[in-house]
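These notes concern the structure reproduced below.
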Amino acid sequence: MEKQTIGRFAPTPSGRLHLGNIFTAMIGYLSARSQGGKYLLRIEDLDVARCPKSVAYGIMRDLDYFGFEFDGEILWQSERAQVYERYLNTLERQGLIYPCYCSRAQLHAATAPHGDTPVYDGTCRRLSPSERPVRAGASRVIVPDKNVSFTDVLQGYYEQNLVKECGDFIVRRADGVFAYQLAVTVDDGESGVTEVVRGRDLLSSAPRQLFLFEKFGFQKPVFMHVPLLLDSDGARMSKREGKSNMEYIRSTLPDSRRVIGMLAFNAGLTDRYEPLSLNELSREYNADKLKKDDILLDDCGIFS
Ligand code: GLU
């Protein structure tokens with residue numbers, strides 16, 4: 001029997017959503033629903049100091065406005081430290097974890113999924129116990145010197161040598177906060193997620209997660225990394241920006257179908273602009289039509 005599709009949307013509530021996030025959520029939703037599957041919501045508030053609950057609730061209201069319906073319980077990463085600890089222990093038992101005392105900037109990068117961190121050269125791995133400082137260190141996992149490869153539904157074949165292109169990576173920061181890479185793998189694995197749909201900027205994270213999926217004994221999901229939306233200057237959309245800002249959208253456009261229809265047209269899913277709800281769109285969703293490359297947003301006049 002074919003396994004049921006389970007997709008998920010996993011926003012980090014360090015700021016309100018922007019159109020690019022809605023676009024990603026939309027494709028994930030359409031993909032799951034068009035296969036008769038489930039779609040889950042997970043709040044990635046690992047770094048509670050940067051992710052206030054009020055922002056998370058604002059995100060939920062925004063998702064509601066666009067007509068997203070989620071299955072099951074909402075998962076809050078801030079409530080799952082004990083679960084992550086168990087998985088960290090399994091890595092520890094395999095002798096794959098060592099403490100790292102490198103800079104704060106590197107450690108902060110661990111919970112920020114976007115943005116590249118430099119290849120780690122293993123400095124702290126070489127410290128003998130007597131050379132280690134007394135303060136608490138972050139935990140790094142030792143990666144194997146082999147190529148991890150997979151075929152992304154949209155981006156095609158992708159491979160990475162974890163040693164050469166990434167290095168041992170952080171799974172828990174020195175202040176005890178678990179890292180994105182570990183949490184996302186544990187949660188996708190435990191929730192039985194079968195497809196991960198997210199922005200193309202996270203493509204290079206997938207090999208690290210595939211490595212962890214294997215270590216934890218989870219079934220691996222398929223990945224689909226969707227294009228990023230670019231504004232008229234060709235820059236990636238960000239949370240604060242004018243017209244891609246949810247406050248602006250919701251106050252100017254009471255009918256969210258106009259935004260969904262506009263995004264669908266931009267994605268190549270429809271051949272002309274017309275207002276559509278998510279559920280209307282899911283009936284005609286065809287993944288083959290989806291664009292692969294980043295999209296310069298044509299607002300189809302809805303903002304003028
Ligand atoms: N939390 C990440 C974000 O807000 C997404 C992580 C993922 O989908 O794997 O961009």
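Ligands are counted one by one from 1 in listed order, and the atoms in each one are counted from 1 as well. Note that the structure is predicted; figures quoted are calculated from it, not measured. Worth knowing before you read on, the calculation uses all heavy atoms, side chains too, and leaves out hydrogens, waters and symmetry mates.
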So CG of L230 and CG of D294: to nearest 0.5 Å the spacing works out to 5.0 Å
- prompt: Side chains of Q35 and Q4: do they bring a donor and an acceptor to under 3.5 Å?
  reply: no
Note to self: Could you check whether atom NZ of K291 has more than 12 heavy atoms from other residues, nucleotides or ligands sitting under 6.0 Å from it?
What the structure shows: yes
D121 meets the side chain to side chain donor-acceptor pair (under 3.5 Å) criterion, sequence neighbours left out, with T123
A student checking ligand 1 against Y180 at a 4.0 Å heavy-atom cut-off should list atoms 6 (C), 7 (C), 9 (O)
Going by the 4.0 angstrom heavy-atom rule, the piece of V184 near ligand 1 is side chain
ring-ring contact (aromatic ring centres under 6.0 Å, His included) pairs touching residues 261-290, sequence neighbours excluded, are none
In ligand 1, the atoms that come under 4.0 Å of a heavy atom of R8 are 7 (C), 8 (O), 9 (O)
If you measure every N/O of R42 against every N/O of ligand 1, is any gap under 3.5 Å? no
Per-atom filter on ligand 1: closer than 4.0 angstrom to a heavy atom of E44 are 1 (N), 2 (C), 5 (C), 6 (C)
Notebook entry, point to check: Taking the six-membered ring where the residue is Trp, are the ring centres of F223 and F150 under 6.0 Å apart?
Noted result: yes
For P11, the ligand 1 atoms with a heavy-atom partner under 4.0 Å come out as 4 (O)
Does any N/O atom on A10 come nearer than 3.5 Å to any N/O atom on ligand 1? yes
